[in-house]
Amino acid sequence: MPQRLTFEYNPLSYAYPDDETDKELFLQASRTHPHHPHAHHSQQQHLSHLRAAAVLLYWVNMVFNDGEEVWQVVRLDEQDNVHRYVYPDLIVVDGSVWEYNDMFSLGVFTRDQREAVLECADEIEYEVRCAEGGQGVRWMGRLLEQMVEEALVGEGVVNAIRDSVPFSLDARGCQ
């Protein structure tokens, strides 16, 4: 298997880096019908980008006056059936993301705990080339399990999320 962690230049990571403050960590799960007929075109483009991820973890690095936020994201990225874990992964989102996705709090994390989450993410194996859908969701399920094992998040929190998000841990897909 090739090296999993891919470091990419992301100008947001230099402009809005993580800091030493405690931050709430969230899991975002795309709803099954995130397309809303009344959403603006720019919102549709943004939502289309997030739908491709299906699920992701994030914390907020910056909030702008207009309500937009810079998120540091932990996810398995997929483009043209090629999967990769990218670090750092920062995106800018607006408030509409809350309207079209389910959000679950995993608790407040210190900087060291957030670094431990990134280390766990780097350790989760995946198939780089995979045409089967749902690999990112299964990867996230395994990441959450690893976070429970490392005592970064409680098992009860993960079980509550599983009631709403089908992680398909038993599905084989390309794994």
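For this chain, numbers begin at 1 and follow the sequence in order. Keep in mind that what you see is a predicted model, and the values were worked out from it rather than measured. Worth knowing before you read on, the calculation uses all heavy atoms, side chains too, and leaves out hydrogens, waters and symmetry mates.
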Residue pair Pro17 / Asn61: nearest heavy atoms and the distance that separates them: C-ND2, 3.6 Å
side-chain contact (heavy atoms from CB on, under 4.5 Å) partners of Thr21, counting only residues at least two apart: Asp19, Lys23
Less than 4.5 Å apart, any side-chain heavy atom of Leu12 and any of Val92? yes
List in chain and number order the residues that pass side-chain contact (heavy atoms from CB on, under 4.5 Å) with Val73, two or more places apart in sequence or in another chain; answer none if no residue qualifies. Leu56, Tyr58, Trp71, Arg75, Asp89, Ile91
Show the nearest heavy-atom pair for residues Ala121 and Val74, with the distance to one decimal. CB-CG1, 3.7 Å
For residues 109-120, which residue pairs qualify under salt bridge (charged side-chain N to carboxylate O under 4.0 Å, His left out), counting only residues two or more places apart or in two chains? Asp18-Arg111, Asp18-Arg114, Glu20-Arg111, Arg111-Glu115
Any side-chain heavy atom of Tyr87 sitting closer than 4.5 Å to one from Leu118? yes
In short, salt bridge (charged side-chain N to carboxylate O under 4.0 Å, His left out) pairs touching residues 59-73 with sequence neighbours left out are none
Nearest-0.5 Å distance that lies between atom CD in Gln28 and atom CE in Met140: 9.5 Å
Is any side-chain heavy atom of Leu152 closer than 4.5 Å to one of Cys120? yes
Roughly how far, to the nearest 0.5 Å, is the CG atom of Leu90 from the OG atom of Ser13? 6.0 Å
Can you check whether Val165 reaches Phe104 side chain to side chain, under 4.5 Å on heavy atoms? yes
The test is side chain to side chain contact (heavy atoms under 4.5 Å, CB included); show your working for Val60 and Val70 and say whether it passes. CA-CA 6 Å; Val60 178; Val70 176; over 6 Å; no
Could you check His83, Arg138, Arg84 and say which one makes a side chain to side chain contact (heavy atoms under 4.5 Å, CB included) with Leu76? His83
Step through it carefully: locate the ring centre of Phe64, locate the ring centre of Tyr16, and say whether they are under 6.0 Å apart. yes
Which atom names give the shortest non-hydrogen contact between Val55 and Gly136, and what distance separates them? CG2-O, 3.9 Å
To the nearest 0.5 Å, what is the distance between CH2 (Trp59) and CZ (Phe109)? 9.0 Å
Straight-line distance of Leu25 CG to Gln113 CD, nearest 0.5 Å: 9.5 Å
Should Glu155 and Arg162 be marked as a salt bridge (charged side-chain N to carboxylate O under 4.0 Å, His left out) after you check the CA-CA gap, both sets of side-chain angles, and the distance that decides it? CA-CA 10 Å; Glu155 188 171 4; Arg162 276 204 180 114; over 6 Å; no
Please report the C-alpha distance between Leu144 and Leu27 in whole Å, then the side-chain angles of each, then the deciding distance to 0.1 Å, and finally whether the side chain to side chain contact (heavy atoms under 4.5 Å, CB included) criterion is met. CA-CA 10 Å; Leu144 290 173; Leu27 181 137; 3.8 Å; yes
Any idea which heavy atoms bring Val148 and Val158 closest together, and the distance? CG2-CG2, 3.6 Å
When you measure from the side chain of Tyr126 to the backbone N and O of Tyr85, does any donor-acceptor pair fall under 3.5 Å? yes
Inspect the contact between Glu149 and Arg142 and indicate whether a charged nitrogen and a carboxylate oxygen are less than 4.0 angstrom apart. no
For Glu24, side-chain hydrogen bond (donor to acceptor under 3.5 Å, both in side chains) partners two or more places apart: Ser105
Got a sec, which residues hit side-chain contact (heavy atoms from CB on, under 4.5 Å) with Asp22, two or more places apart in sequence or on another chain? Val108, Thr110
